[in-house]
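Predicted model only: the values in this text are computed from it and were never measured.
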Amino acid sequence: MTTRPRTSVATKSRPSTSSGQPTPNAKLDVSPADRELLTGFYRQMMLIRRFEERAARAYTQALIGGYCHLNLGEEAAVVGLMSALRPSDYLFTNYREHGYAITRGIHPNRVMAELYGRADGVSKGWGGSMHMFDLEKRMLGGYGIVGGQIPLATGAALAIDYRDGDEIVLCTMGDGTTNIGAFHESLNIASLWNLPIVYVIINNRLGMATTVDKASAEPDLYKRASAYRMASERVDGLDPVAVFEAAQRAVAQARSGKPFLLEVVTERLRGHSVVDPAKYRSDEEMSLVKERDPVHTFADKLVADGLLDEQELAKIDEEVSRQATEAAAFAENSPFPDVSTLFDYTYATAVANDSHRLPGQPLFEPAPIPDYGVNQ
């Protein structure tokens with residue numbers, strides 16, 4: 001999604017009654033472009049929600065295998081971040097990536113087909129949930145290894161700088177990733193060399209099952225940038241507008257040649273992956289998490305501000321639910337990749353002595369046993 005030429009979403013105050021209270025259901029004085037932007041945010045958030053719910057259902061039906069991590073609860077963060085990028089910018093992310101792929105412009109059908117491991121998937125069925133890649137959309141991978149994307153994203157930023165390009169790299173990660181060495185090494189290099197990159201910490205306050213304050217001596221994760229004299233900011237990840245505006249500031253700085261660290265504080269509505277029942281969270285905590293659900297709270301705000309009504313919300317829900325259902329049908333009808341393509345993308349170019357052994361096949365064909373006439 002292309003960024004609109006503005007730095008913030010401008011609205012005027014709601015009309016008031018003589019008592020000074022806002023007039024119920026009064027329309028905000030919002031420009032048509034901003035109205036389109038805000039309703040577009042909601043539509044994308046709802047599409048991610050319905051897509052991920054459909055993916056969770058498919059997993060229980062054994063239509064999706066391997067690991068599967070959902071963006072449920074992080075829709076506002078995903079939409080706000082992706083809306084601040086140009087089509088020419090690069091994205092590196094981790095294994096919780098489905099929403100990023102869709103919002104980056106990859107068709108939901110191709111994303112779902114990849115989850116199903118089918119040939120029409122964005123990675124031709126060989127990547128699955130954690131390894132989506134689309135060079136055209138400049139999504140350079142989801143990475144299953146914690147922090148595996150950070151050095152690669154830093155290298156891409158170095159390549160942009162070397163070529164005097166005007167693109168930037170946006171690299172997302174979870175809160176637990178900030179404790180690995182590659183995080184610190186990459187931030188240090190990026191700051192020393194003034195690389196055009198935005199590092200984004202998606203802080204859902206749980207590194208799998210461990211809270212941030214029990215895993216990090218400095219739980220305010222954005223402050224870690226100060227060790228590298230790098231600008232940083234923390235933003236409410238439940239508000240897509242706040243994330244969008246913070247991401248615009250971060251991207252603008254990166255485009256000027258200075259790296260940025262953005263911490264987006266959000267929630268995780270379910271377990272770490274679809275097989276995690278999240279028994280480590282209390283009923284009271286989960287009740288509060290659901291109360292702050294970003295999709296529902298943003299819908300309430302749009303209705304309260306007079307930008308959408310309940311009928312329009314229902315229409316959007318119907319449309320995106322249909323998209324998710326169509327994506328599942330497309331995926332189920334897509335063929336499995338042919339076994340002969342298994343090694344097609346192991347290397348970008350041919351490598352001498354590259355082994356194409358399938359599971360169970362020996363490294364070398366055994367030599368024939370000589371016949372010494374024993375059985376004659």
Side-chain angles (χ1 to χ4, degrees), residues 48 51-71 90-149 151-153 155-156 271-276 323-369:
I48 295 171
F51 181 94
E52 294 290 59
E53 290 173 343
R54 191 64 185 80
R57 174 180 161 189
Y59 195 93
T60 64
Q61 296 171 319
L63 295 171
I64 296 174
Y67 290 102
C68 187
H69 306 79
L70 307 176
N71 286 124
Y90 293 91
L91 171 66
F92 288 77
T93 185
N94 61 0
Y95 43 76
R96 201 180 300 278
E97 76 200 289
H98 313 158
Y100 292 97
I102 292 171
T103 315
R104 193 64 181 138
I106 302 172
H107 199 286
N109 288 6
R110 297 180 66 211
V111 178
M112 189 70 82
E114 190 59 42
L115 296 180
Y116 278 53
R118 306 300 175 95
D120 294 318
V122 65
S123 295
K124 304 184 185 302
W126 291 119
S129 171
M130 298 194 293
H131 303 288
M132 296 188 184
F133 181 98
D134 191 322
L135 186 59
E136 179 186 348
K137 301 299 182 182
R138 299 205 167 184
M139 179 174 177
L140 299 192
Y143 292 82
I145 296 175
V146 173
Q149 71 276 22
L152 300 179
H272 177 69
S273 70
V274 291
V275 297
D276 174 15
Q323 282 184 271
T325 300
E326 290 172 356
F330 176 85
E332 196 159 3
N333 290 320
S334 174
F336 287 99
D338 192 272
V339 174
S340 65
T341 68
L342 179 59
F343 299 98
D344 283 1
Y345 304 99
T346 305
Y347 297 99
T349 56
V351 174
N353 301 317
D354 177 22
S355 173
H356 284 192
R357 285 182 301 138
L358 295 175
Q361 288 184 333
L363 181 59
F364 301 105
E365 288 298 326
I369 300 174

Just do the side chain to side chain contact (heavy atoms under 4.5 Å, CB included) check on Lys124 and Asp344 with the steps written out, would you?
CA-CA 11 Å; Lys124 304 184 185 302; Asp344 283 1; over 6 Å; no
Would you sort out whether Met132 and Val111 count as a side chain to side chain contact (heavy atoms under 4.5 Å, CB included), showing the intermediate values?
CA-CA 8 Å; Met132 296 188 184; Val111 178; 3.6 Å; yes
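Separation of atoms OH (Tyr347) and CG (Asp354) is listed at 5.5 Å; rounding is to 0.5 Å. To the nearest 0.5 Å, atoms CD1 (Ile48) and CG (Leu70) are separated by 12.0 Å. The distance from the NE2 atom of His356 to the OG1 atom of Thr346 is 6.0 Å, given to the nearest 0.5 Å. The line from CG of Asn94 to CD of Glu97 is 7.5 Å long, rounded to the nearest 0.5 Å.
For Tyr345, the ring pair (Phe, Tyr, Trp, His ring centres under 6.0 Å) criterion is met by no residue, not counting sequence neighbours. Listed by chain and residue number, Glu167 satisfy the salt bridge (Lys or Arg N to Asp or Glu O under 4.0 Å) test with Arg138 (two or more places apart in sequence, or in another chain). Taking the side chain to side chain donor-acceptor pair (under 3.5 Å) definition, one finds that Thr341 meets it with Trp126, sequence neighbours left out. Residues satisfying the side chain to side chain donor-acceptor pair (under 3.5 Å) criterion with Ser355, sequence neighbours excluded, are Arg357. In this structure Val275 satisfies the side-chain contact (heavy atoms from CB on, under 4.5 Å) test together with Tyr59, Ser273, sequence neighbours excluded. Residues meeting the ring pair (Phe, Tyr, Trp, His ring centres under 6.0 Å) test with His272, sequence neighbours left out: His69, Tyr95. Residues passing the side chain to side chain donor-acceptor pair (under 3.5 Å) test with Glu52 are His98, sequence neighbours excluded. Taking Phe133 as the reference, Ser123, Leu135, Leu140 meet the side-chain contact (heavy atoms from CB on, under 4.5 Å) condition, with sequence neighbours excluded. In terms of the salt bridge (Lys or Arg N to Asp or Glu O under 4.0 Å) criterion, residue partners of Glu53 (sequence neighbours excluded) are, by chain and number, Arg50. The side-chain contact (heavy atoms from CB on, under 4.5 Å) check on Ala156 picks up Phe92, Val169, with sequence neighbours excluded. By the salt bridge (Lys or Arg N to Asp or Glu O under 4.0 Å) test, Arg110 pairs with Asp134, sequence neighbours left out.
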Please report, to 0.1 Å, the donor-acceptor pairs under 3.5 Å made by any side chain of residues 326-337, with sequence neighbours excluded.
residue, atom, partner, partner atom, Å
Asn333, ND2, Ala329, O, 3.0
Ser334, OG, Asp120, N, 3.2
Ser334, OG, Asp120, OD2, 2.8

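The main-chain N or O of Tyr143 is never found under 3.5 Å from a side-chain atom of Gln149 such that the two would form a donor-acceptor pair. The closest donor-acceptor contact from the side chain of Glu114 to the backbone of Gly127 lies under 3.5 Å. No donor-acceptor distance shorter than 3.5 angstrom exists from the side chain of Thr103 to the backbone of Tyr100, with no hydrogens or angles considered.
Nearest heavy-atom pair, Leu115 versus Ile64, reported as atom, atom and distance to 0.1 Å: O-CG2, 3.4 Å. The minimum heavy-atom distance between Ser129 and Cys68, with the atom names listed, is OG-CA, 3.6 Å. Smallest separation of non-hydrogen atoms from Tyr116 and Arg54: OH-NH1, 4.4 Å. Of all heavy-atom pairs between Gly99 and Asn71, the closest is N-OD1, 2.7 Å.
Few gaps surround CG on Leu342; more than 12 heavy atoms of other groups in view lie less than 6.0 Å from it.
Residues Met139 and Thr93 are in side-chain contact: their nearest non-hydrogen atoms beyond the backbone lie under 4.5 Å apart.
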